[in-house]
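Note that ligands are numbered from 1 as they come in the structure, with each ligand's atoms numbered from 1 the same way. Note that the numbering runs from 1 along the sequence shown for the chain.
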Amino acid sequence: MKDFDVHVLGAGIVGRSLALALARAGLSVALQPDPARAATEDVRAYALNAASVELLRGLKVWDALPAGSATAVLDMHVQGDAHASAIDFSAWQQRVGALAWITDAAVLERELASAVRFAPHITVVDAGTPVRAALTALCEGKASASRAARGVVFERHDYGHQAIAARLTSSRGHQGVARQWFRAPDVLALLPFDTPQPEHSYALVWSLPNERAQALLALGAAEFEQSLMEATRFEAGELRLVSERAAWPLMQATASAWCGPGWVLLGDAAHVVHPLAGQGLNLGLADVAALVGVITRREPWRALGDDKLLRRYARERVAPTWAMGQVTDGLLNLFSHEAPALRELRNRGLSLVNRLPPLKRWLTTRALDS
Ligand SMILES: Cc1cc2nc3c(=O)[nH]c(=O)nc-3n(C[C@H](O)[C@H](O)[C@H](O)COP(=O)(O)OP(=O)(O)OC[C@H]3O[C@@H](n4cnc5c(N)ncnc54)[C@H](O)[C@@H]3O)c2cc1C
């Protein structure tokens with residue numbers, strides 16, 4: 001039996017970030033990856049907010065990312081389902097350097113894995129290794145088996161939608177603009193990216209009802225590109241696929257308990273939100289920052305697995321996570337109805353918010369800090 005301060009289950013972005021942050025705080029960590037994880041390359045690119053970038057920078061991971069694997073979003077253009085209804089956010093108006101950074105998921109995972117390899121206090125263990133630790137952190141993602149084994153209920157609402165992700169190039173330069181179309185019932189986002197073609201690449205996230213998503217996945221590349229250009233009204237130029245397409249089923253979920261004596265949940269193991277606001281991983285990384293903060297500020301006599309200590313973490317994280325879930329779910333519901341009166345109302349609402357800079361500033365601040 002080996003002794004550690006913390007046993008981290010799950011080596012996704014949240015699990016690895018947690019292991020690195022705890023090791024930097026001087027704790028010994030056993031990190032246990034998933035033996036069953038398929039070695040497929042993730043085609044997604046994540047929109048990371050300022051707080052997430054700050055955390056990754058502190059872990060010496062952000063500045064080590066290779067050139068072209070993170071692109072700053074300078075403006076965001078969100079289009080309603082009537083032509084004239086839109087809302088624009090600009091980094092310049094919000095007085096920030098960028099609204100978000102679009103980051104290659106696979107590259108970020110690789111960089112974290114390499115940082116873990118060189119971290120002196122982290123031991124990567126396999127499922128068969130007997131481990132004794134004061135605290136077990138469950139970072140196993142939405143299907144966490146260890147969460148279920150602790151009797152925690154994962155209260156989930158399945159949207160019946162899937163998100164298709166892929167990489168694209170475009171004939172028109174992106175100019176750092178993230179574009180999103182609410183198309184009742186689907187939501188389509190093109191996130192500016194600089195690989196493979198600097199200034200002319202995008203990461204696609206297109207969420208649609210299951211059958212429609214499956215039908216689009218079954219199309220050949222040229223037909224898919226044509227559907228995509230029609231859906232974006234050719235506003236982003238001529239789009240070409242440069243990767244495989246992959247799809248994820250979408251849900252909103254939250255765990256009935258976030259911690260108990262000696263264990264705690266982080267990331268998608270604790271909560272899942274719809275990706276339309278690009279906030280799931282940002283919430284998970286905010287969990288990491290909160291837990292490490294609570295641990296490093298604890299009273300010297302308090303054990304790492306102390307129930308009261310872990311409840312401080314849960315109290316800090318439950319409210320902002322719940323609020324983000326409400327916002328994404330509310331937006332999705334608002335734009336999923338096709339009744340003409342509702343359509344008119346929501347499109348007027350978008351245009352109205354667009355003319356209210358203080359409200360836009362408030363919305364942006366929430367998204368930047370999650
Ligand atoms: C299409 C799409 C686009 C998205 N875009 C964004 C975005 O732009 N911005 C954003 O912030 N978020 C985004 N998200 C959300 C983001 O993907 C997730 O919130 C994030 O990946 C969660 O990370 P995690 O480490 O908690 O979980 P996961 O990434 O699921 O990692 C969990 C890890 O634990 C492992 N594991 C599972 N079971 C075990 C076990 N028993 N033992 C050991 N290991 C185990 C798994 O194999 C995996 O490696 C998006 C999601 C989707 C679907």
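- When heavy-atom distances to ligand 1 are checked against a 4.0 Å cut-off, Ala165 has no atom that comes that close, whether in backbone or side chain.
- Counting only heavy atoms of the protein, atom 47 (O) of ligand 1 lies nearest to Asp34 OD2, 2.8 Å.
- The main-chain N or O of Gly68 is found under 3.5 Å from a side-chain atom of Thr195 such that the two form a donor-acceptor pair.
- Regarding atom 8 (O) of ligand 1, its nearest protein heavy-atom neighbour is Ala47 N, 2.8 Å.
- Of the charged side-chain nitrogens involved, none lies within less than 4.0 Å of a carboxylate oxygen, so that Glu230 and Arg183 do not count as a salt-bridged pair.
- Every atom of ligand 1 with a heavy atom of Gly267 under 4.0 Å away is listed here by number and element: 26 (O).
- Remark: ligand 1 atoms within the under-4.0 Å shell around heavy atoms of Ile13 are 25 (O).
- Relative to atom 20 (C) of ligand 1, the option among Asp42, Leu281, Leu48 with the closest non-hydrogen atom is Leu281.
- Put simply, the side chain of Asp104 gets close to the backbone of Ala106: a donor and an acceptor are under 3.5 Å apart.
- Annotation: Val14 places an N or O atom under 3.5 Å from an N or O atom of ligand 1; distance criterion only.
- Under the 3.5 Å distance criterion, the side-chain polar atoms of Asp5 are matched with a main-chain donor or acceptor of Ser28.
- In summary, the atoms of ligand 1 found under 4.0 Å from a heavy atom of Ala163, numbered by their order in the structure, are 1 (C).
- In terms of modelled atom types and a separation under 3.5 Å, the side chain of Asp194 and the main chain of Glu199 share a donor-acceptor contact.
- In this structure, the side chain of Ser144 does not engage the main chain of Gly141 through any donor-acceptor pair within 3.5 Å.
- Closest to atom 14 (N) of ligand 1 among all protein heavy atoms lies Tyr46 CE2, 3.8 Å.
- Of all protein heavy atoms, the one lying nearest to atom 49 (O) of ligand 1 is Arg37 NH1, 3.2 Å.
- Salt-bridge annotation for Glu41 and Arg110: present, with a side-chain N of the basic residue lying under 4.0 Å from a carboxylate O of the acidic one.
- Atoms of ligand 1 lying under 4.0 Å from any heavy atom of Gly278, numbered from 1 in the order shown and given with element: 7 (C), 8 (O), 9 (N), 10 (C), 11 (O).
- Heavy atoms of Gly284 stay at 4.0 angstrom or farther from ligand 1.
- In this structure a side-chain-to-backbone donor-acceptor pair under 3.5 Å is present from Gln180 to Leu276.
- Between Trp248 and ligand 1, no N or O atom pair is found at a separation short of 3.5 Å.
- In summary, the atoms of ligand 1 found under 4.0 Å from a heavy atom of Cys139, numbered by their order in the structure, are 32 (C), 33 (C), 34 (O).
- A donor-acceptor pair is defined here as one N or O able to donate and one able to accept, closer than 3.5 Å; such a pair exists between the side chain of Asn282 and the backbone of Asn49.
- When only non-hydrogen protein atoms are considered, atom 29 (O) of ligand 1 lies nearest to Gly12 CA, 4.7 Å.
- Proximity of Arg44 to ligand 1, defined as any heavy-atom pair under 4.0 Å, is confined to the side chain (atoms from C-beta onward).
- Pro275 CB, 3.8 Å is the protein heavy atom nearest to atom 4 (C) of ligand 1.
- Looking only at distances, a side-chain donor or acceptor of Arg16 sits under 3.5 Å from a matching main-chain atom of Ala11.
- Considering only non-hydrogen protein atoms, atom 30 (O) of ligand 1 sits nearest to Gly141 CA, 3.6 Å.
- Of all the atoms in ligand 1, the ones that sit under 4.0 Å from a non-hydrogen atom of Gly280 are 10 (C), 11 (O), 12 (N), 15 (C), 19 (O).
- Under the 3.5 Å distance criterion, with hydrogens and angles disregarded, a donor-acceptor pair is assigned to the side chains of Glu140 and Ser146.
- For atom 19 (O) of ligand 1, the nearest non-hydrogen atom from the set Asp268, Leu191, Leu276 belongs to Asp268.
- Of all the heavy atoms of Pro33, the ones lying under 4.0 Å from any atom of ligand 1 belong exclusively to the backbone.
- Per-residue contacts place Gln32 under 4.0 angstrom from the following atoms of ligand 1 (heavy atoms of the residue considered): 43 (C), 44 (N).
- We find that Arg147 and Asp268 are not joined by a salt bridge, their nearest charged nitrogen and carboxylate oxygen being 4.0 Å or further apart.
- Note: Tyr313 and Trp258 have tilted aromatic rings, judged against thresholds of 30 and 60 degrees for the angle between ring planes.
- Protein heavy atom nearest atom 42 (N) of ligand 1, with residue, atom name and distance: Glu140 OE2, 3.5 Å.
- Taking the charged nitrogens against the carboxylate oxygens, Asp306 and Lys308 have no contact shorter than 4.0 Å, which rules out a salt bridge.
- Some N or O of Asn282 is nearer than 3.5 Å to an N or O of ligand 1, by distance alone.
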